[in-house]
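Data block below; observations after.
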Amino acid sequence: MRRVLVHAALVAWSLVVFFPLYWVAITSFKQPVQVFGGPFYLPFVDFDPSLDAWRYVLVTTGGDTLRPYVNSLIVASASTLLATAIGAMAAYGLSRIAYRPTVVSVVLLLGAIALAAALMLGAGLPLAWSSGAAAVVFLLALRPLARRFPAHLGNDDLRFWIVSQRILPPVVSAIPVYVMFQKVGLLDTHLALIVCYTTVNLPIVVWLMVDFFDTIPVELEESAALDGASRWRIFVDLMLPLARPGLVATTLLVLILAWNEYLLALFLSTANAQTMPLLVAAQNATRGPQWWTMSVLILLMIVPVIAATLVLQKFIARGLLVGAVKG
């Protein structure tokens with residue numbers, strides 16, 4: 001009886017999960033009159049399937065579909081690789097190196113960076129070097145204040161601060177980010193989206209990869225260090241291969257987040273760097289939502305993610321188990 005109940009629950013949950021995909025799939029083969037005159041559930045029974053929506057998306061407006069698709073591939077792939085590479089190094093540092101910065105030092109450093117960025121964006125790029133120098137002088141002048149405040153931050157504090165960047169709603173920083181890229185002339189470019197996506201997804205990589213690195217015994221690194229391996233070689237040749245399942249699972253998660261990102265793409269791109277989520281949203285035009293073309297675009301969007309999941313399925317399962325076990 002318990003097995004029957006478990007299987008019944010799994011079947012019910014599978015219906016909940018797969019029915020939206022099924023509905024999108026059959027909607028892509030419907031005519032407008034069938035979409036608005038339904039609901040029709042079974043092809044060849046309730047309605048006659050049609051390839052008009054597919055022909056319109058892939059042939060009639062094929063160029064307008066291909067450009068956002070390529071943009072999404074470029075931006076999502078590049079930002080995922082950057083976020084994974086930088087986040088893995090940061091996670092390894094937080095997992096293996098003990099940091100004890102003072103609170104005032106961190107505040108002063110962040111203030112200096114903010115001051116330099118404000119000067120660069122407000123006065124123009126030619127003053128970048130002078131702004132950086134002014135920030136350094138400002139930091140060095142106020143650094144002695146840190147000695148009067150003995151409070152220190154630990155690795156857990158730094159980890160929480162990194163993760164807290166993801167807690168901030170993206171819409172809060174959307175307008176400042178837009179103004180920043182407008183000042184430097186990078187609106188509607190791949191570089192702007194890659195930088196933003198990398199910054200937004202970096203905390204997730206750090207948060208997940210720290211747990212994976214914590215599960216690897218420190219004795220392995222000590223043995224490699226005794227053999228003369230440098231810290232960089234230990235990280236590249238030893239830690240990354242051992243953390244491969246977690247790295248693959250994290251990479252796929254970041255890829256999905258970057259592939260589906262909408263808000264930042266809406267603010268930072270118009271035509272040249274338009275991505276697939278914007279193209280899907282554009283189907284809700286003045287004539288109302290074009291559900292048939294929207295369904296075709298959604299199916300085209302999920303193909304790369306499903307393909308990557310199937311290819312990396314073995315590593316994903318191992319990565320989830322490794323990251324969930326400690327001690």
Side-chain angles (χ1 to χ4, degrees), residues 76-103 105-106 108-110 112-113 132 136 139-140 143 146 152-166 191 194-195 197-258 308-309 311-327:
S77 301
S79 63
T80 299
L81 292 177
L82 284 175
T84 304
I86 299 173
M89 291 186 286
Y92 176 68
L94 289 174
S95 175
R96 291 295 189 263
I97 302 174
Y99 295 95
R100 296 286 294 170
T102 60
V103 176
S105 296
V106 174
L108 293 179
L109 179 60
L110 295 178
I113 295 175
V136 172
L139 176 63
L140 293 177
R143 184 174 175 80
H152 289 77
L153 298 177
N155 287 33
D156 292 337
D157 300 314
L158 296 177
R159 189 186 309 182
F160 175 78
W161 178 79
I162 293 174
V163 175
S164 67
Q165 308 308 305
R166 186 66 185 184
L191 181 59
I194 290 172
V195 170
Y197 287 10
T198 302
T199 306
V200 169
N201 293 324
L202 190 59
I204 296 179
V205 179
V206 175
W207 177 46
L208 294 176
M209 288 305 300
V210 167
D211 290 335
F212 291 120
F213 286 128
D214 287 343
T215 60
I216 301 176
V218 183
E219 291 76 13
L220 297 176
E221 299 176 69
E222 295 175 349
S223 300
L226 291 176
D227 293 336
S230 63
R231 176 72 75 174
W232 174 252
R233 186 173 181 183
I234 292 175
F235 172 72
V236 175
D237 296 338
L238 180 63
M239 299 299 291
L240 286 183
L242 292 176
R244 184 183 303 170
L247 191 64
V248 171
T250 302
T251 300
L252 183 60
L253 175 61
V254 174
L255 177 63
I256 294 174
L257 293 175
T309 304
V311 172
L312 304 175
Q313 184 176 4
K314 178 178 66 176
F315 294 102
I316 295 172
R318 291 176 56 190
L320 294 177
L321 290 176
V322 172
V325 179
K326 289 187 178 181

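Only this structure's heavy atoms are used, side chains among them; waters, hydrogens and symmetry mates stay out.
In terms of heavy atoms, Leu242 sits closest to Leu220 at CD1-CD1, 3.7 Å. Of all heavy-atom pairs between Met209 and Ala243, the closest is CE-CB, 4.2 Å. Closest heavy-atom contact between Val206 and Ala91: O-CB, 3.8 Å. When all heavy atoms of Val236 and Pro241 are compared, the closest pair comes out as O-CD, 3.3 Å. The two residues Ala224 and Ile234 make their nearest non-hydrogen contact at CB-CG1, 4.0 Å.
Here the rule is side-chain contact (heavy atoms from CB on, under 4.5 Å) with Leu257, and of Leu252, Val200, Thr80, Asn201 only Asn201 fits it. Checked against Ser95 for a side-chain contact (heavy atoms from CB on, under 4.5 Å), the options Asp214, Val218, Asp211 give a single hit: Asp214.
In this structure the side chain of Phe213 reaches within 4.5 angstrom of the side chain of Ile216, judged on heavy atoms. Looking only at side-chain heavy atoms (C-beta outward), Met89 and Trp232 come within less than 4.5 Å of each other.
Residues passing the side chain to side chain donor-acceptor pair (under 3.5 Å) test with Thr199: none are found, sequence neighbours excluded.
Rounding to the nearest 0.5 Å places CG of Leu191 at 11.5 Å from OG of Ser79. The CZ atom of Arg96 lies 8.5 Å from the CZ atom of Arg231; values are rounded to the nearest 0.5 Å. Of the inter-residue distances, the one linking Leu202 atom CG with Thr84 atom OG1 reads 9.0 Å to the nearest 0.5 angstrom.
In this structure, the side chain of Thr215 engages the main chain of Phe212 through a donor-acceptor pair within 3.5 Å.
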